[in-house]
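Here the structure comes first, spelled out in structure tokens, and everything after it is commentary.
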Amino acid sequence: MHIDARNLDTDSLIEGDICIIGAGAAGITLALEWIGASRRVILLEAGGFDPDAQMQELYHGASLDRPYYPLQSVALHYFGGTTGHWAGFCSPFDPIDFETRDWVHGSGWPFTRQHLDPFYARAQSVLELGPYDYDPASYELRDPDFKRLAVDESVFYPKMWQFSAPTRMGTTYRDPIVNARDVHLYTYAKVVEMVPNAAATAVEHLRARTLDGKEHRVRARHYVLACGGIHSPRLLLASNSRTPRGLGNDRDLVGRYFMEHFEILGGQVAFATAHPFKMYAYPGRGSKGARAEMALTAELQRKHRILNGTVSFQAGALTGQEQSRFASFSGDAAANVKQQEALAARGAARGAAGAPPPNTTYRLFTRQEQEPNPSSRVVLNSEKDAMGMPRADLHWRFTGLDKRSIRVFYELLGQEFGRAGLGRVQMMEWLTDGSDDTWPNHLSGGWHNMGTTRMHQDAAQGVVDADCKVHGLANLFVAGASVYPTGGAANPTLTLVALALRLSDHLRAAVR
Ligand SMILES: Cc1cc2nc3c(=O)[nH]c(=O)nc-3n(C[C@H](O)[C@H](O)[C@H](O)COP(=O)(O)OP(=O)(O)OC[C@H]3O[C@@H](n4cnc5c(N)ncnc54)[C@H](O)[C@@H]3O)c2cc1C
């Protein structure tokens, strides 16, 4: 059932058993689970069915510290959420991602990868992927052209990925949601505050507003916050009329530990001979295929005390422009200009010396987790948006382990490719400057916003518990990558869909 909240009389009361705030990957996954469950499920979406510039403007915020994408372009503010933009790259997190690693601050999930496996298997079909099979041997059996690189697999192994079409949740699941009798979707219903009871032990009601100035009240037995990694903490922090620090924020943890994936060129490899490479090649958008990335084993991560990461291969050598663009820079602008000129000249000289033969040289593209860091965070700005909500600003900050891990990965890759006689690896300048604090001027992430309402059984160390319930609040849950204690090497959506399914099962027991 669909209701446009702009057509309701102002001050309407909306009531249900479960209220899901946000209809993106997490919120829609949850709502689908409740179709036919004979419970009244309220799904509140701030936007409409189509992109809307006025709504998108509400996501505007400042990006401070490390350069990041403009915040209004990082997530989408309409039905289907950011799956309107996502690329569909999917792979489960590795077992080591769930472990407590004494060299990674804040690491350790309250459960194992094995516990999540059945939910991953269900998540595959939500994202219209193939069977839950990420064993490279299965793919080699199916396709004789899938040939793995002959490296020592106790060092590097082929980590498989599957590619969603990509599923646009707002298109694929619009009809099932709108036609469901027990799911009540309200579009243009932006929640601007979650109001707790007087003791601040549970959410009492929500205030939802429309752009034309109407305000409605929403009451449910259970609430699930599913607004994404920047706007879920924003709403918790902005819910401060009765709790000045915001909801669930007694320990000042909401918004902290913002994590991304570093997705960045780190070097190139010149192979001694051509390789078919089909196994490592991106099959192309819409193909629903699979590919491998080169991943460092858990044993080697432990030995070198580094973070989890992979590299993928992009055909062709680094251009001089890329070399200079990704060189590392200091705070001294004049020195940077000089350095940039010198690097561009060196890159051009390399190009003039003759590029290696085609199909043997590949650029190396890093994908790596970021160490949880409390000073990397989403905060409220004093400026308010058109709905009267404080805007969210981002401080994206790193640790020395982040860069050291990328560098050590490339060193090991170079050693292993050399030992196996496969070829030679060259690192980019920014990785070899001897500093763990300098980063390229054109850093990039994967548009993955994680960690800002982190999960931990101890309320002193996490915003939500192992059931994704906000500590100290009896009826408020969070769905989405904001609950990740660590971000793994893989993209986040498959895991957050798996967690939404897990949360749905948990709520089913609670709402009996
Ligand atoms: C360019 C791009 C490429 C990407 N590629 C990949 C990829 O290849 N693989 C991958 O795994 N991930 C990828 N991602 C990330 C992926 O899109 C997100 O992980 C996923 O969409 C997050 O789901 P979510 O439900 O938590 O948040 P969202 O999808 O952002 O949904 C949040 C929903 O909440 C609504 N909302 C927000 N605030 C309120 C409020 N106050 N009241 C009511 N509703 C509200 C929003 O309008 C939105 O509909 C990509 C992202 C981008 C931008």
Side-chain angles (χ1 to χ4, degrees), residues 5 19-31 42-49 51-52 55-56 58-59 69-93 123 126-127 129 161-170 185-194 206-210 216 218 223-236 238-239 260-261 263 282 285 367 385 387-389 392 444-450 452-453 478-484 487-488 490-500:
C19 174
I20 303 164
I21 310 166
I28 289 180
T29 299
L30 262 156
I42 309 294
L43 177 57
L44 299 176
E45 170 52 46
F49 287 119
D52 176 332
M55 291 305 303
Q56 204 56 38
L58 304 175
Y59 271 3
Y69 307 111
L71 295 192
Q72 71 275 19
S73 75
V74 167
L76 295 178
H77 213 9
Y78 68 102
F79 184 73
T82 314
T83 65
H85 265 178
W86 83 311
F89 284 48
C90 293
S91 190
F93 282 9
V126 176
L127 297 174
L129 298 162
W161 289 69
Q162 292 186 27
F163 297 94
S164 171
T167 303
R168 307 278 176 227
M169 308 264 305
L185 165 67
Y186 290 80
T187 51
Y188 287 104
K190 171 134 181 157
V191 178
V192 294
E193 188 177 7
M194 300 181 290
L206 309 178
R207 289 173 49 222
R209 301 195 71 183
T210 64
H216 309 299
V218 186
Y223 300 85
V224 180
L225 177 59
C227 297
I230 293 177
H231 298 281
S232 282
R234 177 189 182 191
L235 184 51
L236 284 166
S239 297
E260 250 284 5
H261 288 117
E263 292 195 2
Y282 177 46
R285 187 162 278 201
R367 190 192 306 280
D385 69 15
M387 295 275 204
M389 259 190 107
S444 50
W447 297 280
H448 305 154
N449 304 153
M450 305 175 285
T452 46
T453 63
V478 182
S482 61
V483 303
Y484 298 178
N491 290 11
T493 308
L494 180 66
T495 300
L496 75 86
V497 168
L499 284 178

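Throughout, residue positions are numbered sequentially from 1 according to the sequence presented. Values in this document were obtained by computation on a predicted structure and should not be read as measured data. In each ligand, atom 1 is the first atom listed, and ligand 1 is the first ligand listed. All heavy atoms count here, side chains included; hydrogens, waters and symmetry mates do not.
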In terms of atom number and element, which parts of ligand 1 are under 4.0 angstrom from non-hydrogen atoms of G81? 29 (O), 31 (O), 48 (C), 49 (O)
For ligand 1, which atoms sit closer than 4.0 Å to a heavy atom of A46? 42 (N), 43 (C), 44 (N), 45 (C)
For ligand 1, is there an N or O atom under 3.5 Å from any N or O atom of G480? no
Any idea which part of M389 is under 4.0 Å from ligand 1, heavy-atom wise: side chain, backbone, both or neither? neither
Which class fits the ring pair Y69 and W447: parallel under 30°, tilted 30 to 60°, perpendicular over 60°? parallel
Once you restrict to heavy atoms under 4.0 Å, what part of F79 touches ligand 1? Side chain, backbone, both or neither. neither
Please say which of T187, L206, L185 ends up in a side-chain contact (heavy atoms from CB on, under 4.5 Å) with L44. L206
Short side-chain to backbone donor-acceptor contact, T452 and G229, under 3.5 Å: yes
Going by the 4.0 angstrom heavy-atom rule, the piece of L76 near ligand 1 is backbone
Of all the atoms in ligand 1, which lie at a distance below 4.0 Å from a heavy atom belonging to F89? 7 (C), 8 (O), 9 (N), 10 (C), 11 (O)
Against ligand 1, does A189 come closer than 4.0 Å with any heavy atom? yes
Pick one of side chain, backbone, both or neither for how Y59 approaches ligand 1, counting any non-hydrogen atom pair under 4.0 Å. side chain
Looking at H85, which atoms of ligand 1 are within less than 4.0 Å of one of its heavy atoms? 1 (C), 2 (C), 3 (C)
Using the ring of each side chain (for Trp, its six-membered ring), is H77 parallel, tilted or perpendicular to H231, with breaks at 30° and 60°? parallel
What do you reckon, does Y78 have a nitrogen or oxygen under 3.5 Å from a nitrogen or oxygen of ligand 1? yes
Out of curiosity, is G47 lining ligand 1, as in a heavy atom under 4.0 Å away? no
Proximal ligand 1 atoms for I21, defined as those under 4.0 Å from one of its heavy atoms: 42 (N), 43 (C)
Only heavy atoms of A26, strictly under 4.0 Å: list the atoms of ligand 1 that pass. 25 (O)
With a 4.0 Å cut-off on heavy atoms, does A23 reach ligand 1? yes
Just to check, does A481 reach to within less than 4.0 Å of ligand 1 when the distance is taken from its heavy atoms? no
Under 4.0 Å, heavy-atom basis, I'd like to know which part of L496 is in contact with ligand 1: side chain, backbone, both or neither. side chain
Is it the case that the side chain of T83 and the backbone of M169 share a donor-acceptor pair, with hydrogens and angles ignored and the cut-off at 3.5 Å? yes
Any side-chain to backbone donor/acceptor pair from Y484 onto P492? Under 3.5 Å, distance only. yes
Check ligand 1 against T82 and write out every atom of the ligand that is under 4.0 Å from a heavy-atom position of the residue. 17 (O), 21 (O), 28 (P), 29 (O), 30 (O), 51 (C), 53 (C)
Logged contact type for A226 with ligand 1, heavy-atom cut-off 4.0 Å, is backbone
Checking the N or O distance criterion of under 3.5 Å, is ligand 1 in contact with H231? no
Looking only at non-hydrogen atoms, find the nearest pair between H448 and E263 and report the distance. CE1-OE2, 3.3 Å
Taking 4.0 angstrom as the limit and counting only heavy atoms of L44, give me the atoms of ligand 1 inside it, by number and element. 43 (C), 44 (N)
